[in-house]
Amino acid sequence: MAQQAYVTETDNGGSGPERREPGLQRLTNRLKSLVAGWRGDPRVWRRGLVLAALAVILALVMLLHAQIPNAIGNLGSLTETFLPWLGLFVPVLLLLALVRRSATALIAVLVPAIVWLNLFGGQLTDKTGAGGDLTVATHNVNADNSDPAGTARDVAASGADVVALEELTAGAVPTYEKALASTYKYHSVQGTVGLWSKYPLSGVKPVDIKLGWVRAMRAAVATPSGQVAVYVAHLPSVRVKVEAGFTARQRDKSADALGEAINDEPLGKVVLLGDLNGTMNDRALNAVTAQMRSTQGASGSGMGFSWPASFPMARIDQIMVRGLEPLSSWTLPETGSDHLPVAARVKVDTSAS
């Protein structure tokens with residue numbers, strides 16, 4: 001399409017420089033030109049059938065992810081862990097459909113786009129609210145952390161009233177205790193997890209998640225608005241192996257045990273803080289996720305990915321609540337760990353809600 005030249009008059013009557021169209025308008029005009037060139041082309045509906053089929057398959061994978069079996073390499077859980085990233089294939093298919101000049105493929109690409117927006121569009125909005133009477137934070141500090149004192153100070157700077165730390169080593173515990181002592185009067189370390197609080201703790205005990213060593217604990221926190229049961233957990237890691245797929249059997253077994261413990265909790269107000277090595281979409285965590293709300297999903301802004309810290313791709317560090325109202329949820333700046341800390345503000349006294 002020929003481009004129209006725009007000129008301006010100068011004082012001497014000469015021609016001035018061309019006025020460029022705005023970027024968005026220029027792109028729109030090019031797309032109109034491209035589509036106009038398809039008119040009268042009888043092959044526009046017959047081309048791109050493979051692309052259309054791929055778009056439909058992508059939509060079905062996202063829509064029916066819960067039906068993908070875990071029997072072979074935990075393929076279902078692997079898909080659900082990175083489910084939001086499947087949306088990246090939508091613009092790729094769209095571009096290929098344009099290059100292929102296929103109306104069929106263009107229409108088909110709308111299907112996975114709509115499915116993705118239905119699944120994750122709500123997470124793109126800011127649901128953060130004001131208020132709340134308890135701030136909590138959790139952080140997998142990484143056993144190989146070279147600056148535990150700095151990491152502790154960074155987490156304390158979040159202003160959290162209650163902080164959970166996971167992957168604590170025996171050698172690093174005294175450093176964390178010293179760095180957090182001035183901010184948190186009460187704390188307890190059970191195995192490789194710990195809880196620091198500005199409010200008194202009681203009923204502290206390890207939680208058996210079927211590992212043979214302690215990686216979970218429970219404590220009652222006496223907040224000014226009432227007693228809250230706080231669970232700290234670090235579920236076993238998962239691995240992606242070529243010969244075995246997504247190996248997560250021990251993680252799944254521990255998740256079931258953690259879910260049972262929370263289900264038996266006598267207090268009505270419960271907070272779970274920890275590295276669950278799984279996302280809210282992962283069906284293997286149903287024993288936990290089915291009875292609790294994610295603060296990020298309910299009151300966060302964006303996806304809230306927490307791992308790996310250098311380029312977060314999944315939210316495996318979770319804050320979940322039962323009997324409390326989540327009002328805001330966010331990730332904290334990177335520390336010396338390979339995880340990002342996450343925090344949330346919740347309302348304990350919901351009697352006026």
Side-chain angles (χ1 to χ4, degrees), residues 51 53-95 108-127 140 235-242 244-249 251-252 255-256 259 272 274-320 326 329-331 338-340 342:
L51 288 175
L54 290 175
V56 172
I57 291 172
L58 176 61
L60 289 174
V61 169
M62 291 190 290
L63 189 63
L64 303 176
H65 62 86
Q67 307 306 317
I68 300 175
N70 260 343
I72 303 175
N74 277 310
L75 183 60
S77 288
L78 177 60
T79 302
E80 289 165 338
T81 297
F82 299 103
L83 193 62
W85 292 94
L86 293 182
L88 292 179
F89 289 105
V90 172
V92 173
L93 290 172
L94 175 62
L95 179 60
V109 169
L110 291 177
V111 180
I114 292 172
V115 171
W116 191 92
L117 286 173
N118 182 60
L119 290 173
F120 302 107
Q123 296 186 34
L124 301 180
T125 61
D126 187 352
K127 300 178 289 296
N140 179 327
L235 297 188
S237 300
V238 297
R239 297 288 185 269
V240 180
K241 301 179 181 178
V242 175
F246 192 62
T247 57
R249 183 174 300 176
R251 189 278 311 266
D252 300 349
D256 290 341
L272 170 61
D275 174 7
L276 303 190
N277 271 306
T279 68
M280 293 297 293
N281 295 313
D282 191 339
R283 85 219 30 197
L285 302 184
N286 279 352
V288 176
T289 58
Q291 57 179 315
M292 306 191 80
R293 296 176 69 192
S294 163
T295 59
Q296 182 66 27
S299 61
S301 176
M303 296 292 185
F305 295 150
S306 63
W307 177 88
S310 57
F311 187 81
M313 298 182 64
R315 185 180 178 88
I316 63 175
D317 301 276
Q318 306 290 354
I319 299 177
M320 287 185 261
S329 189
W330 64 96
T331 56
D338 57 340
H339 293 242
L340 293 179
V342 297

* Kindly compute the distance separating CG (L78) from CG (N70), expressed to the nearest 0.5 Å. => 9.5 Å

* Atom CD1 of I114 and atom CE of M62: how far apart are they, to the nearest 0.5 Å? -> 10.5 Å

* Asked: Hey, which of D317, L285, D282 is the one that makes side chain to side chain contact (heavy atoms under 4.5 Å, CB included) with L276?
  -> L285

* Structure fact -> Closest non-hydrogen atoms of A255 and V288, given as atom of the first, atom of the second and distance, are O-CG2, 3.6 Å

* Asked: Are any non-hydrogen side-chain atoms of F120 and L83 less than 4.5 angstrom apart?
  -> yes

* Structure fact -> Taking every heavy atom of S301 against every heavy atom of D126, the minimum-distance pair comes out as CB-OD1, 3.6 Å

* Any chance you could measure R293, atom CZ, to S329, atom OG, to the nearest 0.5 Å? => 11.5 Å

* **Minimal non-hydrogen separation, A55 against L93, with atom names** => CA-CD1, 3.8 Å

* **Shortest non-hydrogen contact between M320 and M280, atoms and distance** => SD-SD, 3.6 Å

* Considering all heavy atoms of both residues, which atom of P326 and which atom of A298 are nearest to each other, and what is their separation? -> CG-CB, 3.6 Å

* To do: Output the distance between atom NE2 (H65) and atom CG (L75), rounded to the nearest 0.5 Å.
  => 13.0 Å

* To do: Would you give the length of the straight line joining atom CG of L272 to atom CD1 of I319, rounded to the nearest 0.5 angstrom?
  => 9.5 Å

* side-chain contact (heavy atoms from CB on, under 4.5 Å) evaluation trace for E80 with I68 -> CA-CA 9 Å; E80 289 165 338; I68 300 175; over 6 Å; no

* Asked: Can you find a heavy atom in the side chain of R315 that is under 4.5 Å from one in the side chain of T331?
  -> yes

* Asked: Between Q318 and T289, is any pair of side-chain heavy atoms under 4.5 Å apart?
  -> no

* Could you list the residues that satisfy side-chain contact (heavy atoms from CB on, under 4.5 Å) with L88, not counting sequence neighbours? => W85

* To do: Identify the two heavy atoms, one from N277 and one from R251, that lie closest to each other, and give their separation to 0.1 Å.
  => O-NH1, 2.6 Å

* Taking C-beta and beyond as the side chain, do M313 and F305 meet within less than 4.5 Å on heavy atoms? -> no

* Residue W116 excluded, over 12 heavy atoms near CH2 under 6.0 Å -> yes

* Structure fact -> Separation between CG (D275) and CG (L235), nearest 0.5 Å, reads 7.5 Å

